Amino acid sequence: MPRSILHLDLDAFYAAVEALDHPELKGKPVIVGGTENRGVVAAASYEARKFGVRSAMAIALAKRLCPDGVYLPVRMSRYVEMSGQVFDVYGRFTPLVEPLSIDEAFLDISGCEKLFGSAQETARKIKEAVLKETGLIVSAGAASNKFIAKIASDVGKPDGLVVVPPGEEQVFLDPLPVSRVWGVGKVTGQELGRMGIRTIKDLRRMPKETLVSSFGVHGGQLFALARGIDDRPVETEREVKSIGHEETYGHDLLLRETMRRELLTLSNRVAQRLRKEGFRGKTVTLKVKYADFVQVTRAITLHNATDDGGTIYRCALDLLVETEAGARPVRLMGVSVSKLSKAVDHIKESRMEQIPLFGRPGATATTRAALPATPDPAKKERLNRAVDAIREKFGSGRIAHGVFPSDEKPDR
């Protein structure tokens, strides 16, 4: 029996939330991503898209295309709140919900017909419930698998509801441009074009051997998708691959000293997220994007997994000197930790004790340098948890890690 899969995608989500909170913005070209020229577009209303503004576009370019647009900063906490309300609606229709992002999800509604009707009726009821309860518009695609449901919701935007009945998958796919196929980006699209492949029907007619010869394993995937074959189930839990944080700066960073301070902030944010989500990781990766948009990454793998900001920071400093940061202006830096495993609590909280924030009681700046470079793991863990608790209660600005001279790495 064919599965019944929905792909649900909130229309221009960030911009739509801003228009809800500020009704005077309704019908105006709203661009979310920042008010400074250094940022990138996170979302654009459909009114802004008429001017050619798209997600991931530089704000500076967006302003040239749409100078009269309303440019707003990202309010992630508000978007997360609204997303939670939408996903609560989804969960009332099926427990099989796979989040793809804050505004996008797959739902497996197979066997729900007696409760909510056909796939089309169920999708319509979800759309109506989301609009009534949140004021947001969601586009829906319904099909027998994820691949086709995703395309169906995309072609119906905005405020779409497109259903591809079982048995009609090929009729739906064949006339569509090959760019609709997952994994066909600019480079692959150009190569397919040189082979005379412009539609999914063209792709379907190509022998599998030819596609595999040209694209390797990916060629086999293209062969299957062109025939509407996608057996992946809806997964309610997805493995976390990495946890990271990055920042695009309003002005290019020129000095290593400034970069080190920024890396400390990034490292501590990543460490706090690791602890909050119950992970430790072994591989620390530094991402640097220079002012000319050239991007490099450097990584190091530790013997033992960590969720400690100081450890991540020292790794990031070591990686920084392997880049041209300082010799070249930097517009973006990011720190991430991967090779994750669930953290094991080795600390028995049978008793609470005061942990000195600055080393042993009475230690001076001179004696502090003589302290062991690696503190007791149990004390470090309790200190990190204590700092997390303070930040949770009083805000992130209430307490911060200091950078002592011994933490600084000399320029190479």
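The shown structure was predicted, so the numbers you read here are calculated from the model rather than taken from an experiment. FYI, the numbering just counts along the sequence from 1.
- Between Asp308 and Arg275 no salt bridge is recorded (no basic side-chain N to carboxylate O distance below 4.0 Å).
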### Message
salt bridge (Lys or Arg N to Asp or Glu O under 4.0 Å) for Glu191 and Arg194? Distances and angles first, verdict last.
### Response
CA-CA 5 Å; Glu191 181 61 27; Arg194 284 192 286 269; 2.7 Å; yes
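- In this structure, Ala105 and Tyr90 approach most closely via the heavy-atom pair CB-CE1, 4.2 Å.
- Rounded to the nearest 0.5 angstrom, Leu176 CG and Ile200 CD1 are separated by 4.5 Å.
- Salt-bridge check for Arg280 with Asp307: passed, with a basic side-chain N closer than 4.0 Å to an acidic carboxylate O.
- At a threshold of 4.5 Å between non-hydrogen side-chain atoms, the residues Ile229 and Phe147 do not count as touching.
- The backbone N or O of Pro233 sits less than 3.5 Å from a side-chain atom of Lys146, completing a donor-acceptor pair.
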### Task
Assess whether salt bridge (Lys or Arg N to Asp or Glu O under 4.0 Å) is satisfied between Arg269 and Glu247, documenting all intermediate values.
CA-CA 11 Å; Arg269 287 182 178 177; Glu247 193 74 42; 3.5 Å; yes
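- Of the N and O atoms on the side chains of Ser144 and Glu169, at least one donor lies less than 3.5 Å from an acceptor on the other residue.
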### Query
What's the verdict on salt bridge (Lys or Arg N to Asp or Glu O under 4.0 Å) for Asp174 and Arg204, showing C-alpha distance, side-chain angles and the deciding distance?
CA-CA 8 Å; Asp174 273 356; Arg204 179 170 58 85; 2.6 Å; yes
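- Residues Ile312 and Val284 meet the side-chain proximity criterion, which asks for heavy atoms closer than 4.5 Å.
- Here the side chain of Ser213 pairs no donor or acceptor atom with the backbone of Glu209 at under 3.5 angstrom.
- Summarising the geometry of His245 relative to Val270, their closest heavy-atom pair is N-CG2, 3.6 Å, with the distance given to 0.1 Å.
- At a threshold of 4.0 Å, the pair Asp318-Arg298 does not count as salt-bridged, since none of the basic side-chain nitrogens sits closer than that to a carboxylate oxygen.
- A donor-acceptor distance shorter than 3.5 angstrom exists from the side chain of Thr94 to the backbone of Asp108, with no hydrogens or angles considered.
- The cationic atom of Lys150 (NZ for Lys, CZ for Arg) does not lie both less than 6.0 Å from the six-membered ring centre of Phe106 and within 45° of the ring axis.
- A donor-acceptor contact under 3.5 angstrom links the side chains of Thr283 and Thr301, judged on distance only.
- To the nearest 0.5 angstrom, Glu257 atom CD is 11.5 Å from Glu262 atom CD.
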### Task
Just do the side chain to side chain contact (heavy atoms under 4.5 Å, CB included) check on Asn145 and Arg232 with the steps written out, would you?
CA-CA 8 Å; Asn145 62 47; Arg232 295 169 307 146; over 6 Å; no
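- Looking at Phe293 and Arg331, their side chains come closer than 4.5 Å, going by heavy atoms from C-beta outward.
- Residues Lys26 and Glu47 are not paired through a salt bridge, judged by the lack of any N-O separation under 4.0 Å between the basic side chain and the carboxylate.
- Between Glu18 and Tyr79 there is a side-chain heavy-atom pair separated by less than 4.5 Å.
- Note that the OG1 atom of Thr306 and the CG atom of Asn304 stand 9.0 Å from one another [nearest 0.5 Å].
- Two residues are said to be in side-chain contact when any heavy atoms from C-beta on lie closer than 4.5 Å; Val294 and Lys289 fail this criterion.
- Between Arg78 and Glu81, at least one side-chain nitrogen of the basic residue sits less than 4.0 Å from a carboxylate oxygen of the acidic one, meeting the salt-bridge criterion.
- More than 12 heavy atoms of other residues, nucleotides or ligands lie within 6.0 Å of NZ in Lys157, so this atom counts as buried by the packing criterion.
- The nearest pair of heavy atoms linking Ala140 to Ala123 is CB-CB, 4.1 Å.
- Counting only heavy atoms from C-beta outward, the side chains of Tyr290 and Thr323 approach each other to under 4.5 Å.
- Counting only distance, with no hydrogens or angles, the side chain of Arg227 and the backbone of Phe223 share a donor-acceptor pair below 3.5 Å.
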### Message
Set out, in order, the CA-CA distance, both residues' side-chain angles and the distance that settles side chain to side chain contact (heavy atoms under 4.5 Å, CB included) for Met76 and Val80, then state yes or no.
### Response
CA-CA 6 Å; Met76 187 54 66; Val80 170; 4.1 Å; yes
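- Atom NZ of Lys125 has more than 12 heavy atoms from other residues, nucleotides or ligands within 6.0 Å.
- Checking side-chain atoms of Thr210 against main-chain N and O of Met206 turns up no donor-acceptor pair under 3.5 Å.
- Distance check, rounded to the nearest 0.5 Å: CG of Leu203 to NZ of Lys201 gives 13.0 Å.
- When each of Leu100, Val138, Asp103, Val89 is tested with Leu8 by the rule side-chain contact (heavy atoms from CB on, under 4.5 Å), just one qualifies, namely Val138.
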### Message
Run Leu253 and Met333 through side chain to side chain contact (heavy atoms under 4.5 Å, CB included) and show every step you take.
### Response
CA-CA 10 Å; Leu253 304 185; Met333 289 198 302; 3.9 Å; yes
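- Checked for salt-bridge contact, Lys28 and Asp68 miss the test: no charged N lies under 4.0 Å from a carboxylate O.
- Using modelled atom types, no side-chain atom of Gln190 and backbone atom of Gly185 make a donor-acceptor pair closer than 3.5 Å.
- Residue-environment remark: CD (Glu277) exceeds the threshold of 12 foreign heavy atoms within 6.0 Å.
- Taking each heavy atom of Leu222 and Trp182 in turn, the nearest pair found is CD2-O, 4.1 Å.
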### Task
Mind running side chain to side chain contact (heavy atoms under 4.5 Å, CB included) on Cys66 and Tyr71 for me, showing each step along the way?
CA-CA 10 Å; Cys66 186; Tyr71 291 82; 4.0 Å; yes
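- Of the possible donor and acceptor atoms, none in the side chain of Ser139 sits under 3.5 Å from a partner among the backbone N and O of Ser153.
- Across every non-hydrogen atom of Val30 and Ala48, the tightest pair is O-CB, 4.0 Å.
- Expressed to the nearest 0.5 Å, how far CD1 of Ile31 lies from OG of Ser45 amounts to 6.0 Å.
- Judged by distance alone, with hydrogens and angles left aside, the side-chain atoms of Glu98 form a donor-acceptor pair with the main-chain N or O of Glu235 at under 3.5 Å.
- When all heavy atoms of Ala43 and Ser55 are compared, the pair lying nearest together is CA-OG, 4.0 Å.
- Residues Leu65 and Met57 meet the side-chain proximity criterion, which asks for heavy atoms closer than 4.5 Å.
- At least one side-chain heavy atom of Leu10 sits under 4.5 Å from a side-chain heavy atom of Val86.
- In this structure, the separation between CD1 on Ile109 and CG on Leu96 is 10.5 Å, given to the nearest 0.5 Å.
- Ion pairing between Glu128 and Arg124 holds under the 4.0 Å rule for side-chain N and carboxylate O.
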